[in-house]
Amino acid sequence: MDLDTIYDAVLDGDAKGATAAVEAALAAGESPSAILNDACIPAMAEVGALFEEGEKFVPEMLISARAMAAAMTILRPLLVAAGVKNVGKVVLGTVHGDLHDIGKNLVGMMLEGAGFEVIDLGTDVPPQKFVDAVKQHQPDIVGMSALLTTTTKSMPATLNALAEAGVRDQVKVIIGGAPITDDFAKKIGADGFAADAGSAAREARALMGLA
Ligand code: B1M
């Protein structure tokens, strides 16, 4: 079983196929990190690109993310045992006052698919909870999602709280959600903006200095 089979299974959202292909590749002596970096991550990057181009839609992206998750269930303990590190850590949440999490969850899945460890704080996350999570988990990136015009103001509030706590310089901040624009991100001093989950993963890798 080769890496192309795993790539195709993740791209097609075939969780059972991905599981079988990963098990077969491992049995054939393929390394867990090659399976992750040369099959699973490129497949999820392609899913993101096709989503941006309007060639794939939310349900297809979700089933691809599930296939990736099925592969990761097998790979994660092997990668940990082999000491393979994530490309970075992201603390992610939907901002205070906002309960929308479908897009945020997709962003989290795409970030995991791009090699990040994701600490998901959930929805309605107050600024102080982001601050506490940064202190506790020492992430590279903080990701904030907002779907309501009224809750976008929680984003500058969170940036202020991070600054007041003295941890703003330790992290890059990336924001997104339907009412968010690149202009808004620049205006409030965020480091990055992404319009969709695929570009969020790409932007996060770029913020880490990765291709
Ligand atoms: Co809400 N809601 N809702 N809602 N809801 C919207 C957002 C709304 C546009 C509907 C409308 O009026 N046309 C409107 C907001 C208007 C505005 O402020 N501009 C609205 C409203 C008003 C409300 C309530 C106030 C309604 C009420 O109670 N009167 C209420 C608020 C509750 C609260 O949050 N406090 C409310 C409640 C709800 C439900 C609970 C019923 C449900 C949420 C369920 C859930 O999330 N678990 C819901 C839903 C489903 C929607 C719509 C229909 C769909 C949102 C969605 O999931 N889209 C939405 C209308 C719409 O968008 N058509 C609407 C699919 C998702 C994949 O896309 O979330 O945009 P999206 O995420 C994308 C990108 O934005 C981006 O990537 C994602 C994937 O590509 N992205 C990021 C998102 N986060 C990112 C973070 C990043 C980067 C990219 O970096 C970290």
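Whatever order the structure lists ligands and atoms in, that order sets their numbers, starting from 1.
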Are there protein heavy-atom neighbours of [atom] below 4.0 Å?
{"atom": "atom 49 (C) of ligand 1", "result": "yes"}
{"atom": "atom 36 (C) of ligand 1", "result": "yes"}
{"atom": "atom 62 (O) of ligand 1", "result": "no"}
{"atom": "atom 41 (C) of ligand 1", "result": "no"}
{"atom": "atom 23 (C) of ligand 1", "result": "yes"}
{"atom": "atom 10 (C) of ligand 1", "result": "no"}
{"atom": "atom 91 (C) of ligand 1", "result": "yes"}
{"atom": "atom 28 (O) of ligand 1", "result": "no"}

Hey, is Lys187 close enough to Asp183 for a salt bridge, meaning N to O under 4.0 Å? no

Is it true that Lys56 and Glu46 have a side-chain N and a carboxylate O under 4.0 angstrom from each other? no

Are Leu121 and Leu148 joined in one hydrophobic group, where the rule is that I, L, V, M, F, W and Y side chains link up if heavy atoms are under 4.5 Å apart? no

Are side-chain N/O atoms of Asp196 and Ser199 paired as donor and acceptor at under 3.5 Å?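 Distance-only check passes for Asp196 and Ser199.
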
Using only heavy-atom distances, determine whether the side chains of Gln128 and Asp132 contain a donor-acceptor pair under 3.5 Å.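 There is such a pair between these side chains.
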
Atom pair [atom1] ([X]) and [atom2] ([Y]), whose distance is rounded to the nearest 0.5 Å:
{"X": "Lys153", "Y": "His96", "atom1": "NZ", "atom2": "NE2", "value": "8.0 Å"}
{"X": "Leu106", "Y": "Ser64", "atom1": "CG", "atom2": "OG", "value": "10.5 Å"}
{"X": "Cys40", "Y": "Leu11", "atom1": "SG", "atom2": "CG", "value": "11.5 Å"}
{"X": "Asp14", "Y": "Thr19", "atom1": "CG", "atom2": "OG1", "value": "8.5 Å"}

Give the residue, atom name and distance (to 0.1 Å) of the protein heavy atom nearest [atom].
{"atom": "atom 79 (C) of ligand 1", "value": "Ala197 N, 3.7 Å"}
{"atom": "atom 47 (N) of ligand 1", "value": "Asp101 OD1, 2.7 Å"}
{"atom": "atom 84 (N) of ligand 1", "value": "Ser145 OG, 2.7 Å"}
{"atom": "atom 85 (C) of ligand 1", "value": "Gly176 C, 3.4 Å"}

Do [X] and [Y] come within less than 4.5 Å of each other through their side chains, counting heavy atoms only?
{"X": "Val173", "Y": "Met144", "answer": "yes"}
{"X": "Ile35", "Y": "Leu75", "answer": "yes"}
{"X": "Met68", "Y": "Met109", "answer": "no"}

Donor-acceptor contact present, side-chain [X] to main-chain [Y], <3.5 Å:
{"X": "Asp98", "Y": "Thr94", "result": "no"}
{"X": "Glu60", "Y": "Phe57", "result": "yes"}
{"X": "Arg66", "Y": "Gly13", "result": "no"}

Within less than 4.0 angstrom of ligand 1, does Phe193 place any heavy atom?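 It does not; every heavy atom stays at 4.0 Å or beyond.
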
Hey, does Ala195 sit under 4.0 Å from ligand 1 if you only count heavy atoms? yes

Any idea which part of Ile175 is under 4.0 Å from ligand 1, heavy-atom wise: side chain, backbone, both or neither?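 The answer is the backbone.
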
Check whether any N or O atom of Gly97, backbone or side chain, sits under 3.5 Å from an N or O atom of ligand 1, and answer yes or no.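 It does: an N or O of Gly97 is found under 3.5 Å from an N or O of ligand 1.
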
Number the atoms of ligand 1 from 1 as they appear, then name those within less than 4.0 Å of a heavy atom of [X], with their elements.
{"X": "Ala200", "value": "88 (C)"}
{"X": "Phe51", "value": "80 (O)"}
{"X": "Leu106", "value": "67 (C), 79 (C)"}
{"X": "Gly143", "value": "91 (C)"}
{"X": "Asp196", "value": "76 (C), 77 (O), 80 (O)"}

Could you work out, for [atom], the closest of [options] by heavy-atom distance?
{"atom": "atom 89 (C) of ligand 1", "options": "Pro179, Gly48, Ala194", "answer": "Ala194"}
{"atom": "atom 66 (C) of ligand 1", "options": "Gly108, Gly192, Gly103, Gly177", "answer": "Gly103"}
{"atom": "atom 44 (C) of ligand 1", "options": "Thr149, Asp98, Ile102, Leu62", "answer": "Ile102"}

Evaluate the criterion salt bridge (charged side-chain N to carboxylate O under 4.0 Å, His left out) for residue pair Glu117 and Lys85; output intermediate values, then yes/no. CA-CA 9 Å; Glu117 177 187 355; Lys85 290 201 163 42; over 6 Å; no

What pairs with Asp191 under side chain to side chain donor-acceptor pair (under 3.5 Å), at least two apart in sequence or on another chain? Arg168

Stepwise side-chain hydrogen bond (donor to acceptor under 3.5 Å, both in side chains) test for Asp8 and Thr5: CA-CA 5 Å; Asp8 289 341; Thr5 311; 6.0 Å; no

The expected count of protein N/O/S atoms at less than 2.8 Å from atom 1 (Co) of ligand 1 is 1

